[in-house]
Asker: 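Take this structure, written in structure tokens, and hold onto it; I'll ask about it next.
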Amino acid sequence: MSDPTSGSGIPYRFDPTTTAAAVEAEYGGLTDGEETGVVVTVAGRLMLRRDQGKLAFGDLQDATGRVQLFALQRSTADFEGFTGLHLGDWIGVTGEVIKTRRGELSIRVDSWVRLAEARRGFPDKWHGMTDVDTRFRQRYVDLWVTEESRAAFVARSQIMSATRRWLEDRAFIEVETPVFHPIPGGALARPFTTHHNALDLDLYLRIAPELYLKRLTVGGFERVFEIARVFRNEGLSTRHNPEFTMLELYQAYADYTDIMELVEQLVAHLATEVCGTTKLTYDGRELDLSVPWRRATLLELLAEHGGLIVDLDTSRDELVRLCEEHDIPVKDHYGPGKLILELYEKTTEPELWGPVFVTDYPKEVSPLSRDHRDQPGWVERFEGIVAGRELCNAFTELVDVDEQRARFEAQEAEKVAGDVEAMAVDEDYLRALEYGLPPTGGLGIGMDRLVMILTGTKTIRDVILFPTLRPEQ
RNA sequence: GGGUCGCUAGCUCAACUGGUAGAGCAUCGGACUCUUAAUCCGCAGGUUCGGGGUUCAAGUCCCCGGCGACCCA
């Protein structure tokens, strides 16, 4: 044990006494040339080095920021070794906090140790890493050299943490439900399939945790939430990754108007926590998340933006004609509700910036929502549109078991007719409903999109550490 | 799925109408006692994404394939 580094020169542990940010916070006010007599130890990655003969300067970056290192041949141990370090090497440094004559807060290096060697050259120290594909494939490099990238993931962590606290403060409990589902359900999407060998059972990766969370409400958990990774077998785009994160929550005794208030308050709270304000700019446009958000029915917005005055009693011929006018492919089994939704998605949704709650959807396209209390053929459901993106989907939950069975069977018929996104009948879920689901409001929020909005990033890959990519070879 | 653009040294990028593939940074060697993307001198670094074709000659033109970006459906 005479050599504590055991030959490699790399120690097994290291004890920094402070961080770059803490040094700056405590000693940033020193006058030029001032010395503190305070010796600190920091650790991080060497990002820049400026050799100056018998002097050398370096920039050390740790998780909190950067601080300059100041080494002298006269007083720094193994000065030649220090000037031989590679950019990107991890080092630990001990020395006195000073401000140089030229006014740069620095640590004057007494001793140092290499904590890791960067065998591969770091990206251009000025331009960094610009190829987005390489940034995603080599996130371990991107995080060091791209400040905005690091900041987005720190913000993501804060958003997740603040969301949990906010919900727990309101008596919600966090649960974990299965990722493997024998019957995919809770959303209209294609699932991934897998197989359990011991049970010789085909299973599906969940497309939503909804039906399990409502089983828990039946079980007496009156307020539950899950931050769930979900999986949808769809294409990739700036807004879609095959695996993404949904916050789902269920609140007994609430309806969709209660959920609207919950969403706008939660999002405004998160904006304040992370951005310090509810008045943001996204993609060059103003976005005011201040409470309350506008509420408008899907039909009202369809009239306002699409100029289409229609309803469920509009003749099918007329709805089909309007769809054809807007280049929307129509299938024979589409009813008026589906046709109206298609018209809305084509003519109106792209025009919405928000925040706005689009309320009241056709029953035909909402198999898990409760019938509207006043409007036959419609359900109590809303989507929140924020920064032109569909941020959330929520409804007054369907609690009537007979009605739920009928909706499932209608979905099953569509699946048989070839709709790969349609739902199947889930008998166990129906059995749960037979034990009684109280009036309940439910919500799903796309957390990746929320993080995008609050960090000002433009693609979902900027907020997912390791997005799904084609293999390199 | 369709269209457009891109892929050149470890990184960031050049190379006019086809004519010996270059620079900056990083790396390596050297100089330099207050730098801030330090500066200066020097060495080295390439299957130009892959395959085929046209041509005396292809990074460049044509075809097929791979990967990506943007736009559209």
Side-chain angles (χ1 to χ4, degrees), chain A residues 20 23-24 28 30-35 45-61 65-76 79-89 95-109 114 117-147 149 190 233-241 283 323-331 342-343 345-347 349-350 388 420 457-462 467-473:
Chain A
V23 169
E24 169 63 33
L30 297 182
T31 58
D32 295 358
E34 187 174 352
E35 304 186 355
R45 213 188 267 274
L46 185 67
M47 301 301 285
L48 291 172
R49 198 183 63 244
R50 298 173 289 282
D51 291 344
Q52 189 78 39
K54 297 186 174 66
L55 300 179
F57 299 89
D59 287 3
L60 185 81
Q61 179 175 313
R66 289 192 182 193
V67 63
Q68 176 166 274
L69 305 177
F70 178 33
L72 299 91
Q73 188 177 51
R74 172 161 53 82
S75 63
T76 298
F79 179 80
E80 286 69 31
F82 185 85
T83 59
L85 287 168
H86 291 179
L87 297 191
D89 282 351
E96 180 180 344
V97 179
I98 63 157
K99 185 163 270 187
T100 61
R101 295 207 290 266
R102 300 291 284 269
E104 185 73 25
L105 182 66
S106 306
I107 293 169
R108 191 172 56 205
V109 182
R114 185 153 70 174
E117 178 187 2
R119 289 200 194 182
R120 288 175 177 265
F122 250 40
D124 188 283
K125 63 189 178 187
W126 183 245
H127 298 96
M129 186 173 265
T130 59
D131 181 65
V132 292
D133 184 54
T134 309
R135 287 182 45 217
F136 302 146
R137 289 187 194 279
Q138 301 185 31
R139 186 69 89 181
Y140 34 85
V141 180
D142 177 49
L143 289 171
W144 277 102
V145 300
T146 314
E147 167 66 30
S149 182
R190 288 184 79 157
N233 208 336
E234 296 163 355
L236 295 87
S237 78
T238 55
R239 299 181 189 193
H240 299 87
N241 196 63
D283 205 9
C323 282
E324 285 167 352
E325 199 175 295
H326 289 95
D327 295 322
I328 299 167
V330 173
K331 291 179 181 162
E342 291 283 329
L343 287 167
E345 287 181 347
K346 177 79 176 192
T347 66
E349 200 174 62
V420 293
T457 46
K458 293 190 187 61
T459 96
I460 196 168
R461 293 175 170 192
D462 286 329
T468 304
L469 301 167
R470 273 199 176 81
E472 285 180 82
Q473 287 175 343

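Numbered from 1 within each chain, the chains take letters A, B, ... in sequence-line order.
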Asker: Using heavy-atom distances to pick each residue's nearest nucleotide on RNA chain B, tell me which of A:R120 and A:V132 is more 5'.
Answerer: A:R120
Asker: Measuring from atom NZ of A:K346 to atom NE2 of A:H326, what distance do you get when rounded to the nearest 0.5 angstrom?
Answerer: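 With rounding to 0.5 Å, NZ (A:K346) is 8.5 Å from NE2 (A:H326).
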Asker: Do we see a donor-acceptor contact under 3.5 Å between the side chains of A:T83 and A:D51?
Answerer: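 Distance-only check fails for A:T83 and A:D51.
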Asker: Atom CZ of A:R135 and atom P of B:rA69: how far apart are they, to the nearest Å?
Answerer: 11 Å
Asker: Which value, in whole Å, describes the distance between the P atoms of nucleotides B:rC28 and B:rG53?
Answerer: 43 Å
Asker: Select from A:H127 and A:S106 the residue whose nearest nucleotide in RNA chain B is closer to the 5' end of that strand.
Answerer: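 Result of the comparison: A:H127.
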Asker: A:G103 near the nucleic acid: base, sugar-phosphate alone, or nothing, with a heavy-atom cut-off under 4.0 Å?
Answerer: nothing
Asker: Using Watson-Crick or G-U wobble geometry with both distances below 3.5 Å, tell me the partner of B:rC28, or none.
Answerer: B:rG42
Asker: Taking atom P in both B:rC49 and B:rU12, what distance in whole Å separates the two?
Answerer: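 Comparing P positions in B:rC49 and B:rU12 gives a spacing of 14 Å.
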Asker: Take the protein atom CG of A:L469 and the nucleotide atom P of B:rG66, then report the distance between them rounded to whole Å.
Answerer: 17 Å
Asker: If you round to the nearest 0.5 Å, how far is CD of A:E234 from NE2 of A:H240?
Answerer: 6.5 Å
Asker: Grab the CG-P distance between A:D142 and B:rC11 for me, whole Å please.
Answerer: 14 Å
Asker: For atom C1', what is the distance between B:rU48 and B:rC7, given to the nearest Å?
Answerer: 9 Å
Asker: Looking only at heavy atoms, what is the nearest atom pair of A:I98 and A:L30, with distance?
Answerer: C-CD1, 4.0 Å
Asker: Sort out the partner of B:rU55 for me: Watson-Crick or G-U wobble, both distances under 3.5 Å, none otherwise.
Answerer: none
Asker: Which value, in whole Å, describes the distance between the P atoms of nucleotides B:rU27 and B:rG59?
Answerer: 31 Å
Asker: How many angstroms lie between CG in A:D462 and OG in A:S149, if you round to the nearest 0.5 Å?
Answerer: 7.0 Å
Asker: For A:R108 and B:rU33, give me the distance from atom CZ to atom P, rounded to whole Å.
Answerer: 18 Å
Asker: Checking base pairs now: Watson-Crick or wobble, both atom distances under 3.5 Å. What partners B:rA23?
Answerer: B:rU12
Asker: How long is the gap from CD on A:E117 to CG on A:L85, to the nearest 0.5 Å?
Answerer: 10.0 Å
Asker: Find the partner of B:rG1: check Watson-Crick (N1-N3 plus N6-O4 or O6-N4) and G-U wobble (N1-O2, O6-N3) distances, both under 3.5 Å, and reply none if neither fits.
Answerer: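 Partner of B:rG1: B:rC72.
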Asker: What is the separation between atom NZ on A:K54 and atom P on B:rU39, rounded to the nearest whole Å?
Answerer: 21 Å
Asker: Write down the distance separating the C1' atoms in B:rA69 and B:rC32, rounded off to the nearest Å.
Answerer: 45 Å
Asker: Expressed in whole Å, how much space separates the P atoms belonging to B:rG42 and B:rA37?
Answerer: 24 Å
Asker: Once hydrogens and angles are ignored, does a donor-acceptor distance under 3.5 Å link the base of B:rU36 to the side chain of A:E104?
Answerer: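 Looking at the base of B:rU36, it does pair with a donor or acceptor on the side chain of A:E104 (distance under 3.5 Å).
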Asker: Do you know the tightest heavy-atom contact between A:F79 and A:L72?
Answerer: CD1-C, 3.4 Å
Asker: Does a side-chain N-to-carboxylate-O contact under 4.0 Å join A:E96 and A:R108?
Answerer: yes
Asker: Would you give a per-nucleotide map of nucleotides 25-31 of chain B, 5' to 3', where B means the base has a protein non-hydrogen atom under 4.0 Å away, S means only the sugar-phosphate does, and - means neither?
Answerer: SSSS---
Asker: In whole Å, I'd like the distance from the CG atom of A:L48 to the C1' atom of B:rU39.
Answerer: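 These atoms are roughly 15 Å apart.
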Asker: Identify the two heavy atoms, one from A:P467 and one from A:R139, that lie closest to each other, and give their separation to 0.1 Å.
Answerer: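 Closest approach of A:P467 to A:R139, heavy atoms only: CD-NH2, 4.0 Å.
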Asker: Let me know the distance between CD of A:Q138 and P of B:rU12, rounded to the nearest Å.
Answerer: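 In whole Å, B:rU12 P and A:Q138 CD are 10 Å from each other.
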Asker: In plain terms, say whether A:R461 and A:D133 are close enough for a salt bridge, that is, a side-chain N and a carboxylate O under 4.0 Å apart.
Answerer: no
Asker: Of the nucleotides B:rC11, B:rC70, B:rC32, which has the atom closest to the A:P123 side chain?
Answerer: B:rC11
Asker: Respond yes when some side-chain nitrogen or oxygen of A:R470 is under 4.0 Å from OP1 or OP2 of B:rC67, and no when none is.
Answerer: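 For A:R470, the contact criterion (side-chain N or O under 4.0 Å from OP1 or OP2 of B:rC67) is met.
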Asker: Please identify which of these residues, A:R49, A:R50, A:R45, meets the side-chain hydrogen bond (donor to acceptor under 3.5 Å, both in side chains) condition with A:D59.
Answerer: A:R50
Asker: Taking only side-chain nitrogens and oxygens of A:T130, does any of them come within less than 4.0 Å of OP1 or OP2 of B:rC13?
Answerer: yes
Asker: Measuring from A:L469:CG to A:L236:CG, what's the distance to the nearest 0.5 Å?
Answerer: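 The CG atom of A:L469 sits 8.0 Å away from the CG atom of A:L236.
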Asker: For nucleotides B:rC11 and B:rU20, find the distance between their P atoms and express it as a whole number of Å.
Answerer: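 After rounding to an integer number of Å, I get 26 Å for this pair.
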Asker: Measure from CE on A:M129 to P on B:rA37 and round the result to the nearest Å.
Answerer: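 Distance, rounded to whole Å: 21 Å.
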Asker: Counting only Watson-Crick pairs (N1-N3 plus N6-O4 or O6-N4) and G-U wobbles (N1-O2, O6-N3), all under 3.5 Å, who is the partner of B:rC67?
Answerer: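 Result: B:rG6.
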Asker: For RNA chain B, what residues of residues 65-74 of chain A have any heavy atom nearer than 4.0 Å?
Answerer: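 Output list: A:Q68, A:F70.
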Asker: Which part of the nucleic acid does A:R119 contact within heavy-atom distance under 4.0 Å: base, sugar-phosphate only, or nothing?
Answerer: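 Counting heavy atoms under 4.0 Å across all strands, no contact is made by A:R119.
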Asker: Between B:rC61 and B:rC56, how many Å separate the two C1' atoms, rounded to a whole number?
Answerer: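 Approximately 16 Å lies between the C1' atom of B:rC61 and that of B:rC56.
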